[in-house]
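The structure appears below as structure tokens.
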There are 2 protein chains.
Amino acid sequence: MRRFRGEAGNKVDTKGRVSIPAPFRRVIEEGDPDWSVGLNPNFVIVYGRRNTKCLEGYSLKSMDDVDNLVSRLPRYSKDRETLERLLNAQSVYAQVDENGRIVLSPKLREISNITDKATFVGMGDKFQIWEPDNYIQDMALMNKRLSDNNLEEEIYSLLDYKENNDRKI
Amino acid sequence: MRRFRGEAGNKVDTKGRVSIPAPFRRVIEEGDPDWSVGLNPNFVIVYGRRNTKCLEGYSLKSMDDVDNLVSRLPRYSKDRETLERLLNAQSVYAQVDENGRIVLSPKLREISNITDKATFVGMGDKFQIWEPDNYIQDMALMNKRLSDNNLEEEIYSLLDYKENNDRKI
DNA sequence: TTTAATAACATGGGAAATTATGGAAATCAA
DNA sequence: TTGATTTCCATAATTTCCCATGTTATTAAA
């Protein structure tokens with residue numbers, strides 16, 4: 001399964017229209033079980049992300065994965081209802097049009113601070129949509145955290161998890 | 001599994017096209033589960049490597065291993081999102097064309113300082129793409145570190161690490 | 001073992017398709 | 001009707017695809 005990779009900056013016009021980067025479209029198409037050549041693929045935009053001023057796009061398949069994780073929590077539990085609020089209530093379906101664009105509603109633009117430009121950021125099984133300056137700040141913050149705490153190597157060492165595990169077994 | 005080995009310098013034309021050294025292509029092909037003779041293999045270029053001004057190429061298989069490790073970290077955790085920024089956001093898919101070339105986008109060329117020449121460096125399960133002079137400098141730096149600290153022999157002794165570890169278990 | 005023939009490789013240029021984006025017409029809702 | 005939204009069309013710039021060529025490596029033949 002192809003993943004969302006890379007960063008791209010696109011214009012947002014006065015109607016809120018913005019092009020989805022072509023590589024992202026391929027992933028969205030692949031992740032929509034009903035899609036076939038010539039059709040307009042659907043996906044989900046989640047705007048309930050707290051502490052992070054961005055929108056998140058999920059392919060239908062990966063949204064399904066997340067929903068299934070939520071479903072494993074006990075019905076009517078506070079945690080489950082909270083997650084359903086954040087992931088289901090605060091999200092919308094979006095359809096890519098024949099020109100490869102979507103429309104960001106005024107509400108979505110307001111939440112994300114996006115006016116005339118948007119930065120798309122691949123995050124594997126999802127992607128983020130940022131107001132460009134906010135994204136730069138967020139990246140700077142991340143890089144600062146990495147260098148201030150000398151986390152560079154440590155972060156990558158998280159990737160040794162599997163090996164370590166294998167040794168223990 | 002074949003590994004990336006050796007160094008090679010190739011031209012980069014005005015469109016950003018550059019030939020992947022043939023031996024590297026064999027590894028890329030082998031590492032793309034969808035590849036078969038006559039098809040164009042895909043791989044991943046990571047450009048988010050901090051403190052190192054080069055691009056890194058991963059076969060789909062080895063990138064997939066990395067992605068699977070990331071996926072084991074809790075969703076929305078800081079560590080996971082950081083790794084996704086470094087590995088997913090700061091990377092792109094690349095496809096080798098029928099002539100054995102890829103296109104380095106203006107962005108990739110800017111990040112790596114590459115203009116009209118590129119040096120390909122085999123690193124086992126990945127390879128690096130350097131601006132030739134930067135690579136020479138990096139090699140010089142590495143050699144200096146080795147001689148300044150008299151590490152020439154010691155460095156090889158690190159290879160016994162795994163064995164020692166096994167003994168302890 | 002030298003020479004000829006063939007294949008593979010690195011590189012250049014142009015044609016064709018795709019992408020991002022703007023605007024106009026058509027549709028819908030109030 | 002009128003404002004908003006959606007659909008459709010147009011276009012410039014980019015990216016991809018296809019073909020051509022000189023060069024190097026490999027194989028086959030003498």
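Note on naming: letters A, B, ... go to the chains in the order of the sequence lines (proteins, then strands), and numbering restarts at 1 for each one. Small disclaimer: the values here were computed from a predicted structure and weren't measured.
One interatomic measurement links the two molecules: NZ of B:K117 to C1' of C:dG12, which rounds to 15 Å at whole-angstrom precision. For the pair A:K11 NZ and D:dA13 P, the computed distance is 12 Å after rounding to whole Å. The CZ atom of B:R26 sits 9 Å away from the C1' atom of C:dA8 (whole-angstrom rounding). In this entry the distance linking CG of A:L39 with P of D:dT7 reads 14 Å, nearest Å. Atom CG of A:L104 and atom C1' of D:dA4 are 16 Å apart (whole Å). For A:N10 and D:dT14, the CG to P distance is 14 Å, given to the nearest whole Å. When the C1' atom of C:dC9 is taken as reference, atom CZ of B:F120 falls 14 Å away, rounded to whole Å.
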- Task: Test side-chain contact (heavy atoms from CB on, under 4.5 Å) on B:Y58 and B:K126 and set out the steps.
- Result: CA-CA 5 Å; B:Y58 288 82; B:K126 70 182 181 197; 3.5 Å; yes
- Query: Checking side-chain contact (heavy atoms from CB on, under 4.5 Å) for the pair B:E30/B:M1: CA distance, chi angles, key distance, verdict?
  - Reply: CA-CA 8 Å; B:E30 203 176 312; B:M1 171 69 77; 3.6 Å; yes
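Linking ILVMFWY side-chain heavy atoms closer than 4.5 Å, directly or via other members, places B:I20 and B:L60 in two distinct hydrophobic clusters.
Side-chain contact, B:R25 with B:S19: no donor N or O sits under 3.5 Å from an acceptor N or O. With hydrogens and angles left out, the side-chain atoms of B:R85 and A:Q128 include a donor and acceptor closer than 3.5 Å.
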Just list the side-chain donor-acceptor pairs under 3.5 Å for residues 91-105 of chain B, sequence neighbours left out, or say none.
unit_1 : atom_1 : unit_2 : atom_2 : d
B:S91  : OG     : A:R5   : NH1    : 3.1
B:S91  : OG     : B:L87  : O      : 2.8
B:S91  : OG     : B:N88  : O      : 3.1
B:Y93  : OH     : A:R3   : N      : 2.9
B:Q95  : NE2    : B:N40  : O      : 3.4
B:D97  : OD1    : B:N99  : N      : 2.8
B:D97  : OD1    : B:G100 : N      : 3.0
B:D97  : OD1    : B:R101 : N      : 2.9
B:E98  : OE1    : B:N40  : ND2    : 2.8
B:S105 : OG     : B:L108 : N      : 3.3

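Annotation: the terminal axes of the helix from C:dT1-D:dA30 to C:dA30-D:dT1 meet at 40°, where each axis is the rotation carrying the C1' atoms of four end pairs onto the next four (5 pairs per end, rounded to 10°).
Ring centroid separation for the pair A:F43 and A:F24 does not come in under the 6.0 Å cut-off.
The residue A:I20 sits close only to the backbone: its heavy atoms come under 4.0 Å of sugar-phosphate atoms, none of a base.
Although no hydrogens or angles enter the test, the distance criterion places no donor-acceptor pair under 3.5 Å between the side chain of B:S157 and the main chain of B:E153.
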Quick one: which protein N/O atoms are closer than 3.5 Å to N/O atoms of nucleotides 15-25 of chain D? Pair and distance per line, please.
unit_1 : atom_1 : unit_2 : atom_2 : d
D:dC17 : N4     : B:R17  : NH1    : 3.4
D:dC18 : OP2    : B:E98  : OE2    : 3.2
D:dC19 : N4     : B:N99  : ND2    : 3.0

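Closest heavy-atom contact between B:E7 and B:M139: OE2-CE, 4.4 Å.
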